[in-house]
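Below: one structure, written as structure tokens.
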Amino acid sequence: MDSGVILNSSLSGGLDLQATLESGQTYLWDRDDGEDYLSSGLSGGSAWYSSVIEGSVIRLRQVEGQLEWRSTSNVDKVIRRVLGLDDDLDQIMKMSIEDSLIESAYSTYKGMRIVRDPFFPCVVSFICSSQMKVERIFGMQQRLRRKYGDKIRFEGKDYYEYPKVEVLADLDESDLREMGFGYRAPYVIETAKMLKNDPDGVGYFVEDYEQNREKLTELRGVGQKVADCICLFSLGHLEAVPLDTWIRSTIKTHYPNCDHKSYQDMSQAVRNKFGPYAGYVQTYIFHYLRHEAGRTSNIVSL
DNA sequence: CGCCAGGCTAGCG
DNA sequence: CGCTAGCATGGC
């Protein structure tokens, strides 16, 4: 057993743990207060979150201006990496374009950070994300962990690690279809087979962002958008901008000059517009618009 | 019932 | 190349 504390005031731009873990970047965390996880919105302010990363159970909560953690081992450095705590948020916000929508999103969720999820879980999560509501993606990944992941006991409770590559690689397509994966089932299994000897995706990391995006599309079920999610939420390419339906429609109405038919052209235009940390800008907008739309059941107009 | 959800693949011109 | 039909499933 080990535990520790990280002070909010020691982090540039602070931390908003709930926004970081519930904004649809990562699907690897459970919230203690259970069933209506992520569906009821605002009530997770000081709740405990738990995950298993690199074989360690990690429990986190944010209360009174600090981040508390408890774990099976010393995970201070793991937490800092996975939650992007070393990102200089003040500087990132300074280097993004001035714009009313972006400033609203930044101020509403100040402290939200880009995660760095472990490679394989990130890949599978976003293969599953295609044509799927955000709330359902959480459920799918949770069921996958509880059915095929290794169980670790910690402080009287069971926690499930994300399934290992070789376990998913050896599944039958019907196993995942029965869990509601639909047409994504064969994609997950084929990609797991491709990564059986490279679970950390060492061979799929490229220094250059655009080359990295193309490289990732070699994986089954990974197109340009999912590749961008992996670039941003696992590999640390902070200029990556996943062009999903929300962002595309936002771009169309808000920044019509950046609207292009081809993914590459639109990606390039948006990155030129948003700045070197375009991925941060995109993630704030995505979370802000989705959340506001949920609260008002209406389109946000600014 | 129809429509849509953090899209991708295969197959066409 | 660019374009599009088809694809599973659940919720409204």
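Since we're looking at a predicted model, the values are computed, not measured. Proteins come first, then strands; the chains are lettered A, B, ... in the order of their sequence lines, and each starts at number 1.
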Nucleotide-resolved protein contact map, nucleotides 5-12 of chain C, B/S/- at heavy-atom distance under 4.0 Å: --BBBS--
Sugar-phosphate only, base, or nothing, as touched by A:Q282 at under 4.0 Å among non-hydrogen atoms: base
Rounded distance in Å - CD1 (A:I127) to C1' (B:dC8): 10 Å
Euclidean distance, atom CE of residue A:M266 to atom P of B:dG7 [Å, nearest integer]: 13 Å
Sugar-phosphate, base or nothing in reach of A:Y27, heavy atoms under 4.0 Å: base
Spacing between A:F286 atom CZ and B:dG7 atom C1', to the nearest angstrom: 13 Å
Residue-phosphate contact under 4.0 Å: A:T245 side-chain N/O, B:dG7 OP1/OP2: yes
Interatomic distance, A:H260 NE2 vs C:dG2 C1' [rounded to whole Å]: 16 Å
Check against side-chain hydrogen bond (donor to acceptor under 3.5 Å, both in side chains), A:R145 and A:Y159: CA-CA 9 Å; A:R145 289 197 296 272; A:Y159 299 90; over 6 Å; no
Rounded C1' spacing from B:dA5 to C:dC3 in Å: 22 Å
Check: A:F274 ring centre within less than 6.0 Å of A:Y255 ring centre: yes
Residues forming a side chain to side chain contact (heavy atoms under 4.5 Å, CB included) with A:S73, sequence neighbours excluded: A:S56, A:S71, A:V75
Whole angstrom value for the distance that separates C1' of C:dT4 from OH of A:Y263: 19 Å
Pair listing, side chain to side chain donor-acceptor pair (under 3.5 Å) test, anchored in residues 276-285 of chain A, at least two apart: A:D87-A:Y280, A:D244-A:Q282
Side-chain donor-acceptor contact under 3.5 Å, A:Q268 with A:E210: yes
ring-ring contact (aromatic ring centres under 6.0 Å, His included) contacts in which one or both residues fall within residues 177-228 of chain A, not counting sequence neighbours: A:F205-A:H237, A:Y209-A:H237
Integer angstrom distance from the P of B:dG11 to that of C:dA8: 15 Å
Within residues 212-229 of chain A, residues whose heavy atoms come under 4.0 Å of DNA chain B: A:L219, A:R220, A:G221, A:V222, A:G223, A:Q224, A:K225, A:V226
Neighbour count >12 (heavy atoms, 6.0 Å) for atom CG, A:N197: no
Contacts of A:D88 that satisfy side-chain hydrogen bond (donor to acceptor under 3.5 Å, both in side chains) - sequence neighbours left out: A:S12
In one Ile/Leu/Val/Met/Phe/Trp/Tyr side-chain cluster, 4.5 Å: A:Y49, A:I79: yes
